[in-house]
Amino acid sequence: MRARAPLIAALSLAVLALASVAFAQDVTPGPPASMPAWLSILPPLLAIGLAIVLREVVVALVAGVWLGATFVNGYDPFIGLLRTADTYAVGALADGDHASIVIFSLLLGGMIGVIARSGGALGMAELVTRVAKTRLSGALATWLMGLAIFFDDYSNSLLVGTTMRPITDRLKISREKLAFLVDATAAPVSSFALVSSWVGVEVGYIHEQYAALGIPGDPYVVFLQSIPYRFYPLLMIAFVLMLVLTRRDFGPMRAAERRALYEGKLIRDGADPASDFDAEALQPPEGTTPRWLDAVIPILVVIATAMIGMYVTGHASLLEARDAALALRDAATTPAAIAEADAALSLLDVNLQNVFGKADSLKALLWSALLGGFVAIVIALARRTLTVRSAMEAWVAGVKSISLAVMILVLAWSLGEVCEHLHTADYVIQAIGGWMPAGLLPALVFVIAAATSFATGTSWGTMGILFPLVIPLAHELAPADGAVVLSSVASILAGSVWGDHCSPISDTTIMSSMASSCDHVDHVRTQLPYALAVGGVSLVVGEIATGLGLWGAPVALLLGCAVLYGIVRFVGKPVEG
């Protein structure tokens with residue numbers, strides 16, 4: 001009888017599932033009238049909790065959407081499971097803007113694959129390494145290469161680490177320091193680059209919440225406006241440059257550097273270096289001469305097309321809005337109506353700010369990724385670096401590399417839709433809005449995002465979980481102050497990068513260890529004090545101070561650099577001597 005128990009249970013579940021399917025059309029979507037309001041917070045909390053425990057964000061997001069769909073559909077878990085797929089996932093992809101973001105991300109991934117396979121990315125790396133002659137120039141070349149390969153954090157970690165490792169070994173730079181230099185210019189740089197694999201994800205999250213709340217502003221322009229408030233990635237890049245130029249370190253990193261310099265041990269005794277990342281799919285064919293122009297030209301095409309496309313679409317939209325406002329002005333007959341029309345016209349002057357404010361950034365990004373990939377393939381074929389077949393294989397490989405990000409995006413959008421149906425934001429606003437000062441929200445968001453991203457090892461999943469909760473709350477707390485919403489957007493992104501940068505289970509952290517042939521535990525152990533220092537300065541000088549209105553983002557960045565230089569100068573000690 002016991003042997004049949006699992007079979008009986010499975011058959012019972014199947015019968016219940018079929019019954020649920022049979023009555024699925026009779027269930028009206030929406031939270032039951034008697035549902036306690038606090039239940040609305042459980043789906044995102046479940047997603048966060050499972051992501052921390054399981055360290056698997058896809059499973060966590062699916063569980064969160066499923067639980068929310070269960071609540072929406074009369075507490076029926078089987079209907080909730082079905083609606084997870086046929087309503088929320090399909091709905092997320094059926095949205096035109098969502099589809100544009102997905103296609104842009106896939107197209108950009110394909111372009112990156114072709115650039116890497118044709119040798120363009122390696123050519124960019126070799127261009128930077130020509131200046132690496134001393135320990136200082138070697139570290140500086142690594143930093144510069146990290147800035148140059150801005151379009152993807154995975155490509156950054158892989159190419160910078162594998163290219164610079166032989167050079168830094170010769171210059172007696174420890175593997176721990178190399179891994180840190182690689183990791184500190186991967187996610188932090190890609191997260192705010194004007195064109196990168198992160199752009200579609202971040203613009204997608206911004207668009208979703210701004211559109212749902214009716215907040216004016218083009219999502220790509222909001223993305224650009226948030227960059228000065230991303231204190232952690234900006235200050236981390238400056239901090240790395242300070243360490244390089246002063247040739248100082250502190251904590252376990254200084255011990256590792258002195259060991260490499262004076263004992264000739266690039267890794268500590270007993271260390272277990274991670275094996276090199278298998279980069280065969282990214283390596284150009286044997287005998288290919290890498291050329292940096294093969295990467296720079298497609299990237300410039302992407303940037304130029306995006307900018308021109310935004311100008312063209314924005315200019316057309318602005319002229320259309322002006323025509324409509326002029327028609328209202330001509331039809332106005334009362335002084336009040338005339339004054340209102342004149343006020344509307346005054347906001348529609350044809351200038352660069354208004355043009356870009358009216359731009360269709362998603363359409364422009366689609367054009368840019370499509371043309372960039374096309375140019376990359378044409379260059380590879382013209383130079384005979386790749387055949388048509390190998391170029392398409394590289395393009396498909398690049399597309400595949402972005403598939404997990406697309407899955408996370410779809411599930412995050414689905415969770416946001418569930419939260420909207422359950423009125424989760426309303427509950428959070430009621431629970432927190434009464435006591436949370438609006439000025440402290442960006443700092444709190446940064447801490448929560450950093451902790452979640454560190455625990456889960458994913459920045460994109462963290463963004464997907466927090467955006468549907470934080471942005472409605474920020475908008476409610478300060479509806480007339482766009483800076484609070486903008487700071488909250490930046491805090492989600494910056495906090496997510498902090499966790500992604502130094503979490504031991506982060507993809508880029510692991511890949512940095514592997515590409516640098518560094519013991520992974522040693523990489524995390526030596527990097528964490530630096531990440532904590534920059535994160536602490538970002539929180540106090542940036543998030544808290546700007547949130548309370550003590551000073552603006554430019555002043556915060558300058559003061560943050562000054563404080564970090566003080567830490568390097570007085571806490572750090574010279575490695576040599």
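Below, all heavy atoms of this structure are taken into account, side chains as well, without hydrogens, waters or symmetry copies.
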message = Do Tyr220 and His207 pair up side chain to side chain, a donor and an acceptor below 3.5 Å, judged on atom types alone?
response = no
message = Looking at every heavy atom in both Val302 and Ser368, which two are closest together, and how far apart are they?
response = O-CB, 3.2 Å
task = Kindly compute the distance separating CD (Gln209) from OG (Ser488), expressed to the nearest 0.5 Å.
result = 12.0 Å
task = Using distance alone, with no hydrogens and no angle criterion, decide if Asp183 and His523 have a side-chain donor and acceptor under 3.5 Å apart.
result = yes
ask   = Do any N or O atoms from the side chain of Arg230 and from the backbone of Ser191 form a donor-acceptor pair under 3.5 angstrom?
value = yes
query = Just by modelled atom types, is the His501 backbone N or O under 3.5 Å from a matching donor or acceptor in the Thr509 side chain?
reply = yes
inquiry  = Counting only heavy atoms not in Trp367 (residues, nucleotides, ligands), do more than 12 fall under 6.0 Å from its CH2?
reply    = yes
task = Report yes if some heavy atom in the side chain of Leu493 is under 4.5 Å from a heavy atom in the side chain of Phe467; otherwise report no.
result = yes
key: Donor-acceptor contact present, side-chain Ser496 to main-chain Ile492, <3.5 Å   = yes
task = Look at the aromatic rings of Phe446 and Tyr232 and report parallel, tilted or perpendicular, splitting at 30° and 60°.
result = tilted
inquiry  = Could you report the tightest heavy-atom contact between Ser453 and Gly495, atom names first, then the distance?
reply    = CB-O, 4.1 Å
query = Would you call Arg83-Glu417 a salt bridge at under 4.0 Å N-O?
reply = no
key: Pairwise distance NE2(His421) to CG(Asn73) - rounded to 0.5 angstrom   = 10.0 Å
request  = Apply the test side chain to side chain contact (heavy atoms under 4.5 Å, CB included) to residues Val418 and Phe71: give CA-CA distance (whole Å), side-chain angles for both, the deciding distance (0.1 Å), then the verdict.
outcome  = CA-CA 9 Å; Val418 166; Phe71 290 160; over 6 Å; no
Ile115 backbone acceptor or donor facing Ser118 side chain under 3.5 Å = yes
note = Separation between CG (Leu532) and SG (Cys502), nearest 0.5 Å, reads 6.5 Å
Polar contact flag, side-chain donor to acceptor under 3.5 angstrom, Ser491-Glu543 = yes
ask   = Yes or no on side chain to side chain contact (heavy atoms under 4.5 Å, CB included) for Phe231 and Thr546, after CA distance, side-chain angles and deciding distance?
value = CA-CA 11 Å; Phe231 302 111; Thr546 57; 3.8 Å; yes
ask   = Distance from Thr313 atom OG1 to Ile308 atom CD1, nearest 0.5 Å?
value = 11.5 Å
Interatomic spacing from CD1 in Ile103 to CG in Leu365 - rounded to 0.5 Å = 12.5 Å
request  = Identify the two heavy atoms, one from Ser414 and one from Tyr88, that lie closest to each other, and give their separation to 0.1 Å.
outcome  = OG-O, 3.2 Å
query = Is Trp66 reaching over with its side chain to a backbone N or O of Pro77, donor-acceptor style, under 3.5 angstrom?
reply = yes
task = Check for a donor-acceptor pair, side chain of Ser487 on one end and backbone N or O of Val484 on the other, with a separation under 3.5 Å.
result = no
task = Spell out, as yes or no, whether a donor-acceptor pair under 3.5 Å connects the side chain of Ser226 to the backbone of Leu486.
result = no
message = Determine whether Ile448 and Thr452 satisfy the following criterion, side chain to side chain contact (heavy atoms under 4.5 Å, CB included), listing intermediate values before the conclusion.
response = CA-CA 6 Å; Ile448 294 174; Thr452 304; 4.1 Å; yes
query = If you look at every heavy atom in Ala184 and Ile237, which pair is closest and at what distance?
reply = O-CG1, 4.4 Å
message = Please check: side-chain N/O of Asp95 versus main-chain N/O of His98, any donor-acceptor pairing under 3.5 Å?
response = yes
Between CG on residue Leu61 and CD1 on residue Ile465, distance to nearest 0.5 Å = 5.0 Å
key: Residue pair Leu444, Leu440: steps toward the side chain to side chain contact (heavy atoms under 4.5 Å, CB included) verdict   = CA-CA 6 Å; Leu444 178 63; Leu440 291 179; 5.9 Å; no
query = Taking side chain as C-beta onward, heavy atoms only, is Cys419 less than 4.5 Å from Pro44?
reply = yes
message = What I want to check is whether the side chains of Tyr210 and His475 have a donor and an acceptor closer together than 3.5 Å.
response = no
